[in-house]
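Here's the structure, in structure tokens; my notes come after.
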Amino acid sequence: MAAVKNALIVGGGPAGLCAAAALAKRGIDVEIAEINTDTRPLGSGVSMMGPTLRALGMVDGEALKRCVDEGFGHHALSFGNPEGQIVQRVELPKPAGPEYPGGCGIMRPAFWGLLAEIAEKAGARIRLSTTASAIEPAADHVNVTLTDGSTAAYDLVVGADGLHSKVRDLAFPGATQPFFTGQTVWRVTLPRPDEISDGIAMFYGPRNKVGCSPVSDDEMYIFIVENTAEITRPPQEEWPAIVQGLLSDYSGVIAWVRERVTDPARIDRRPLHALLVPSPWYRGRVLLIGDAVHAATPQLAMGAGIAIEDAVVLGEVLESQADLGDALAEFMERRWERCRLVVENSLQLGEWEKHPDDPQADPAGLMDASLAVLAGAF
Ligand SMILES: Cc1cc2nc3c(=O)[nH]c(=O)nc-3n(C[C@H](O)[C@H](O)[C@H](O)COP(=O)(O)OP(=O)(O)OC[C@H]3O[C@@H](n4cnc5c(N)ncnc54)[C@H](O)[C@@H]3O)c2cc1C
């Protein structure tokens, strides 16, 4: 067991909450510093592939069961045309085990709430409305000052504070920064029609891609990937009309959807960014995990999955290695290739969405191949 008795995790998203659970279960005294007033974000649904479910089960088996019970099981990815006809179907592998589906959709507040529960159940303490203002490495510990004015020494500091990581800025000066990928995703929570029951169904139109992901018996969320050369910020009251316009090329189920997009409060809009910080993701006793080092666009729906896998591997290497440096080197060795694959293949899928006439474009093939690799052990 690496000599880590206490750890500070900055950021209470999937990476931070699961890392907290994985470390606290191994007897490490864990604090989470989360900048928001709550660990349950508003917003739409989230889709998880089989590897995400497997990683969640490795952190907490009960949480996996609850996630699948509270969400909606997925079995396949379907690919359709603007007329709403499904023309290709990719069966999802089931790395979480035959008793679990190959994927799952769930509302974000429910999923994040579940993760906060498992972190606290394992013994981690969550400090809200605070973040690190200074990180000062010393010989055998790291001194951290939080914005609430407190200072403490930690054996390990984990930056799990997402795309715009403060820990990255403080402890990794000059690190690679996220970049805008030229796409914006709109998500809308809507009633689920019976025909959206197999998993994520995606329809490729002349200007954009639209997908439907079921999250419960009653609800689904749709996502529209708009190609946007620059980041724009239209006023929220205009969002329903803009979304209706983006859906105007489609018939079938998406035409049914279009009529129901009326409430701006049910719409979420995010310009997409990506990031892959070169190895190593640690400096001394400070480690970055999750979106802070490998932010993938959502095309493979695996960003949260690789964040949770980071947490699993961090727990394992701290348990199996006697030396922290060896543990973090093993962490890096085990995490790089899978995270690179998710970030780069997601970007490739986005590029094909921007250039649908590319003769190489084969989204179903690349998703199938990527998920087959990711279903393997990590
Ligand atoms: C539009 C969109 C759709 C997506 N859909 C999916 C999907 O369907 N499936 C999927 O697997 N992934 C999806 N992703 C990606 C996924 O959301 C992320 O990869 C995942 O949330 C990363 O987890 P994380 O914990 O590393 O970071 P985050 O989820 O970003 O969590 C970071 C946490 O740190 C906190 N924080 C931020 N700054 C600070 C600070 N300075 N101090 C303290 N705390 C701080 C934040 O409040 C947050 O709680 C999507 C992403 C986007 C943009």
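Numbering starts at 1 and runs along the sequence shown. Indexing begins at 1, ligand by ligand and atom by atom, following the structure's order. Everything quoted here is computed from the prediction, not taken from an experiment.
In terms of protein heavy atoms, atom 31 (O) of ligand 1 is closest to G13 CA, 3.5 Å. Looking only at heavy atoms of the protein, atom 52 (C) of ligand 1 is closest to P298 CG, 4.2 Å. Looking only at heavy atoms of the protein, atom 19 (O) of ligand 1 is closest to D291 OD1, 2.8 Å. Scanning all protein heavy atoms for the shortest distance to atom 36 (N) of ligand 1 gives I35 CG2, 3.8 Å. Nearest protein heavy-atom neighbour of atom 14 (N) of ligand 1: R108 NH2, 3.9 Å. For atom 39 (C) of ligand 1, the nearest protein heavy atom (residue, atom name, distance) is D161 CB, 3.5 Å. Scanning all protein heavy atoms for the shortest distance to atom 35 (C) of ligand 1 gives E34 OE1, 3.2 Å. Distance from atom 16 (C) of ligand 1 to its nearest protein heavy atom, with residue and atom name: A304 N, 3.9 Å.
Of the residues M302, M367, H74, the one that meets the side chain to side chain contact (heavy atoms under 4.5 Å, CB included) test with M49 is M302.
Contacts with ligand 1 closer than 4.0 Å are made by no heavy atom of A132, backbone or side chain. When heavy-atom distances to ligand 1 are checked against a 4.0 Å cut-off, N36 comes that close only through its side chain, counted from C-beta outward. At a 4.0 Å heavy-atom cut-off, ligand 1 does not touch Q183 at all. Counting heavy atoms closer than 4.0 Å to ligand 1, residue Y221 contributes side-chain atoms (C-beta onward) but none from N, CA, C or O. By the criterion of a heavy-atom distance under 4.0 Å, neither the backbone nor the side chain of S213 is placed next to ligand 1. The part of R187 lying near ligand 1 is the side chain, judged by heavy-atom distances below 4.0 Å.
Taking both residues in full, the closest heavy atoms of F72 and S197 are given as CE2-O, 3.5 Å, listed atom of the first, atom of the second, then distance.
Using modelled atom types, one finds no donor on one side chain facing an acceptor on the other under 3.5 Å when comparing S216 with D218. Remark: the R269 side chain and the T232 side chain contain an N/O donor-acceptor pair separated by less than 3.5 Å. Of the N and O atoms on the side chains of T147 and T130, at least one donor lies less than 3.5 Å from an acceptor on the other residue.
The N/O atoms of A15, backbone and side chain alike, include one that comes under 3.5 Å of an N/O atom in ligand 1. Between A307 and ligand 1, a contact under 3.5 Å exists for no N or O pair. Some N or O of S47 is nearer than 3.5 Å to an N or O of ligand 1, by distance alone. Looking at G290 next to ligand 1, no N or O pair under 3.5 Å apart turns up.
Interface atoms of ligand 1 facing G305, defined by a heavy-atom separation under 4.0 Å, are 11 (O). Taking every non-hydrogen atom of A301 and a distance limit under 4.0 Å, the qualifying atoms of ligand 1 come out as 9 (N), 10 (C), 11 (O). Counting the atoms of ligand 1 from 1 in the order shown, those under 4.0 Å from a heavy atom of A160 are 32 (C), 33 (C), 34 (O). For ligand 1, the atoms sitting less than 4.0 Å from at least one non-hydrogen atom of K166 are 41 (N), numbered in the order shown with element in parentheses.
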Contacts table for residues 181-189: side-chain donor-acceptor under 3.5 angstrom, sequence neighbours left out:
| unit_1 | atom_1 | unit_2 | atom_2 | d |
| --- | --- | --- | --- | --- |
| T181 | OG1 | L272 | O | 3.4 |
| Q183 | OE1 | Q299 | NE2 | 3.0 |
| Q183 | NE2 | N227 | OD1 | 3.0 |
| Q183 | NE2 | G350 | O | 3.4 |
| Q183 | NE2 | E353 | OE1 | 3.2 |
| T184 | OG1 | T228 | OG1 | 2.9 |
| W186 | NE1 | E226 | OE1 | 2.8 |
| R187 | NE | S44 | OG | 3.4 |
| R187 | NH2 | D268 | OD1 | 2.8 |

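Of the inter-residue distances, the one linking L53 atom CG with L92 atom CG reads 9.5 Å to the nearest 0.5 angstrom.
Heavy-atom separations between H273 and ligand 1 are all 4.0 Å or longer.
Counting heavy atoms from C-beta on, the side chains of E316 and R26 come closer than 4.5 Å. The shortest distance between side-chain heavy atoms of M48 and I106 falls below 4.5 Å.
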